[in-house]
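Worksheet: the structure to be examined is printed underneath.
For ligands, and for the atoms within them, numbers begin at 1 and follow the listed sequence.
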Amino acid sequence: MGEQLIKKIGVLTSGGDSPGMNAAIRAVVRSANYYGLECVGIREGYNGLIEENFTKMGPRSVSNIINLGGTVLRSARSMEFKTKEGRQKAYNNCLKHNIEALVVIGGDGSFTGAKIFSEEFGIKVIGVPGTIDNDIFGTDNTIGYDTALNTAMEAIDKIRDTATSHNRVFFVEVMGRDAGFIALNSGIASGAVDILIPERKDSFEDLIISFEKAKKRGKNSSIVVVAEGDKLGNAYQLAERTKERFPDYDIRVSILGHIQRGGSPSCADRVLASRLGFGAVTGLLKGLTNVMAGIQSNQLVYTPIDDAIKKHNEINQDLLLISEVLAL
Ligand code: F6P
């Protein structure tokens with residue numbers, strides 16, 4: 001490793017939790033220890049930075065957490081950190097504890113806070129993408145996405161059993177405030193008849209056409225996967241409108257909700273988190289700041305945090321076509 005510029009770092013998890021955040025914390029703490037850096041855990045996101053809710057961390061403080069969902073450091077969406085006063089308190093605590101750099105594990109809201117903090121006070125920051133939504137530019141996958149996808153797919157498989165038994169139509173709503181990655185991929189994996197995502201402007205008539213096609217081909221039950229952020233409406237509204245058009249349909253709605261955020265991380269998420277946690281520490285040691293560690297085409301890459309916040313990963317057009325073709 002090149003010239004060591006820092007001696008002490010802080011690590012926090014912020015925003016919506018995601019499976020694999022613990023594996024990322026473990027990787028940061030152990031990599032820091034390996035390269036001779038002190039590491040402080042900051043509890044409850046930026047709130048902990050403001051309230052000096054710190055805990056000294058070493059290799060043994062992260063034992064037996066690689067397999068755990070949630071985050072042992074807890075998480076928060078801090079309102080106080082959005083204020084200059086809040087960030088000033090946070091900076092004073094960094095000074096008091098000689099914290100020179102922060103590893104922020106979270107999504108775009110968390111990275112926005114990190115960027116502002118770094119610009120205002122010169123604290124080095126490096127982002128690690130942790131969100132189930134997979135909506136962060138600069139990495140092929142975010143930590144937690146793979147686990148959430150599998151949770152959604154398993155849930156939809158179970159819904160399929162009962163949908164088939166009762167000849168029913170199900171609208172299943174999955175998470176994704178602004179992004180359709182979970183919906184598109186879990187929908188393809190579970191054989192949905194239609195998938196509604198915010199990135200694609202579907203009309204209600206397109207959905208009706210899907211139902212008519214399904215009817216013509218003799219399907220007795222159907223599953224429609226709807227992303228939480230879809231612009232056409234939520235699963236209940238879509239179910240209601242569908243019932244008006246097809247009064248004979250027996251329709252049910254299932255909102256998968258926060259079960260998608262929990263559970264033991266998948267192997268892919270644990271490995272991704274380990275690589276990114278390591279990459280965050282080695283990035284800081286190389287003098288990087290205001291960047292996010294990501295994995296693209298199986299390589300560790302660093303993206304300016306500004307790009308990670310503002311740019312968006314495109315939905316794969318092949319997947320959109322495949323979802324349509326295979327729903328025949
Ligand atoms: O960003 C992750 C996410 O799970 C979104 O998919 C969802 O819209 C949101 O968080 C829910 O947030 P909360 O846990 O605050 O209800």
Side-chain angles (χ1 to χ4, degrees), residues 12-24 43-48 69-82 104-114 127-156 171-187 189 195-200 225-238 253-266 269 272-273 276 292 294 305 308-313 315:
L12 61 86
T13 49
S14 165
D17 63 349
S18 68
M21 278 187 163
N22 281 325
R43 295 199 189 88
E44 300 191 8
Y46 293 116
N47 285 341
T71 156
V72 292
L73 286 176
R74 311 281 162 110
S75 192
R77 292 191 167 103
S78 173
M79 295 317 287
E80 208 183 340
F81 198 70
K82 290 189 176 166
V104 174
I105 305 167
D108 52 2
S110 312
F111 295 164
T112 303
V128 170
T131 163
I132 64 164
D133 290 354
N134 204 36
D135 59 346
I136 306 286
F137 180 83
T139 190
D140 293 340
N141 288 311
T142 56
I143 298 167
Y145 170 60
D146 182 68
T147 309
L149 256 189
N150 282 289
T151 302
M153 181 193 72
E154 282 167 24
I156 302 169
F171 283 85
V172 182
E173 189 174 294
V174 298
M175 271 188 166
R177 198 176 11 210
D178 307 306
F181 294 101
I182 297 180
L184 182 58
N185 287 276
S186 68
I195 302 166
L196 303 176
I197 56 173
E199 293 88 342
R200 186 172 58 174
V225 176
V226 186
E228 184 189 359
D230 187 60
K231 308 284 184 285
L232 259 190
N234 65 35
Y236 282 107
Q237 292 164 334
L238 291 168
V253 172
S254 187
I255 313 281
L256 299 189
H258 286 79
I259 61 160
Q260 294 160 95
R261 287 243 297 261
S264 180
S266 67
D269 274 329
L272 177 65
L276 294 182
M292 182 196 80
I305 211 153
I309 298 163
K310 290 191 188 137
K311 295 187 180 172
H312 296 285
N313 284 335
I315 284 279

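Atom 7 (C) of ligand 1 has as its closest protein heavy atom Glu228 OE1, 3.5 Å. In this structure, the protein non-hydrogen atom closest to atom 5 (C) of ligand 1 is Asp133 OD2, 3.4 Å.
Of the candidates Met175, His258, Gln260, it is His258 that places a heavy atom closest to atom 16 (O) of ligand 1.
Looking only at atom types and distance, the side chain of Ser266 has no donor-acceptor partner in the side chain of Asn150 under 3.5 Å away.
When atom types are taken as modelled, the side chain of Ser75 and the backbone of Gly16 share no donor-acceptor pair closer than 3.5 angstrom. A donor-acceptor distance shorter than 3.5 angstrom exists from the side chain of Asp269 to the backbone of Thr147, with no hydrogens or angles considered. Checked by atom type and distance alone, the side chain of Asp108 never pairs as donor or acceptor with a backbone atom of Lys310 at under 3.5 Å.
Near Arg261, with a cut-off below 4.0 Å to any heavy atom, the atoms of ligand 1 are 3 (C), 4 (O), 9 (C), 10 (O), 11 (C), 12 (O), 13 (P), 14 (O).
Within the 4.0 Å heavy-atom shell around ligand 1 one finds Arg77. In this structure, Gly176 counts as a contact residue of ligand 1, since one of its heavy atoms falls inside 4.0 Å of the ligand.
Residues Ala114 and Tyr46 approach most closely at N-OH, 3.2 Å, considering heavy atoms.
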